[in-house]
Amino acid sequence: MMLTTIAVALITAVFGPIAVAWAKKQFENTPSKNPVCEAIELNSLVDEQLDIMMGELEASRVWVSQFHNGGHFYPTGKSIQKFSIFYEKTSPDAMSIQNVFQNVPVSLFPKALAQLYKQGELAIPTYEGEDYDLTSVSRPYNTKSFYMIALDDLHGKFIGVMAIAFDQEYTLTKEDWIFIRQKAGVIGTLLDEYLNAKK
């Protein structure tokens, strides 16, 4: 019994560090994926999810925006928080908004983003009486109903927004909400895995 314990201790002491060094070297020598290929794979997966949403909901537009740094304040150097639409799908008769919403300071939409941050969702089935400062940016695109859901990473951090827009007034059903929440979970997970992948 004592001989077995000594043998295990000796093997662990001698071969343990060798095994760790070998494993570390294997991981260091493992070729990493090409960043362009990783981005293309992610884009394809997100695009597929948006296609599914467009088909299921018959929406005019679905899009995904992500938060990012966008310059720095003078003189503190603190990062300016902005968002951009990275993914968008539109129906044939809907105008694209992706090129308009690039590098937008989060300070321009404090009510809507606060609602998303606190509640995770924002519903505007009609713009009559809308109180989120979104009417002026929706009207030029013929949006009549608008829904947003927060995208969170796997640690619960608010990383972006998924939105669904309709060119006619539309009230989401309970089943619609379940569906878009599931899609938000899928897209949030895809973005999280991409953004936090080991380089």
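Worth knowing before you read on, the calculation uses all heavy atoms, side chains too, and leaves out hydrogens, waters and symmetry mates.
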Looking at [atom1] of [X] and [atom2] of [Y], how far apart are the two atoms once the value is rounded to the nearest 0.5 Å?
X    : Y    : atom1 : atom2 : answer
L154 : N196 : CG    : CG    : 8.0 Å
K89  : Q49  : NZ    : CD    : 12.0 Å
T143 : D167 : OG1   : CG    : 8.0 Å
L108 : F101 : CG    : CZ    : 9.5 Å
D153 : F158 : CG    : CZ    : 11.5 Å
Q102 : I97  : CD    : CD1   : 10.0 Å

Close side-chain approach of [X] to [Y], heavy-atom, < 4.5 Å:
X    : Y    : value
I52  : F179 : yes
L50  : I187 : yes
D176 : I164 : no
Y170 : K144 : no
E121 : I180 : no
L191 : V64  : yes
L42  : E193 : no

Would one find more than 12 heavy atoms of other residues, nucleotides or ligands at under 6.0 Å from atom CZ of R139?
no

Under 3.5 Å, is there a donor-acceptor pair between the side chain of [X] and the main chain of [Y]?
X    : Y    : result
S65  : F83  : no
Q98  : F86  : yes
T189 : G185 : yes
S145 : P125 : yes
R61  : M95  : yes
Q81  : F67  : no

Parallel, tilted or perpendicular: which fits the ring planes of F146 and W63, with parallel below 30° and perpendicular above 60°?
tilted

Return the minimal non-hydrogen interatomic distance between [X] and [Y], and the atom names on each side.
X    : Y    : value
L195 : Q66  : CD1-NE2, 3.8 Å
A59  : S91  : O-CB, 4.0 Å
I85  : Y87  : CG2-O, 3.4 Å
Y141 : S96  : CE2-O, 4.2 Å
L122 : L116 : N-CD2, 3.9 Å
P140 : T135 : CD-O, 4.5 Å

Compute whether any side-chain donor of one residue and acceptor of the other, for N43 and D47, lie under 3.5 angstrom apart.
no

Between the side chains of E169 and T171, does any donor sit under 3.5 Å from an acceptor?
no

Please say which of M162, Q119, K183 ends up in a side-chain contact (heavy atoms from CB on, under 4.5 Å) with I149.
M162

Same cluster or not: [X] versus [Y], using hydrophobic residues (I, L, V, M, F, W, Y) connected whenever any side-chain heavy atoms lie under 4.5 Å apart?
X    : Y    : answer
Y194 : I40  : no
V62  : I178 : no
W177 : F166 : yes

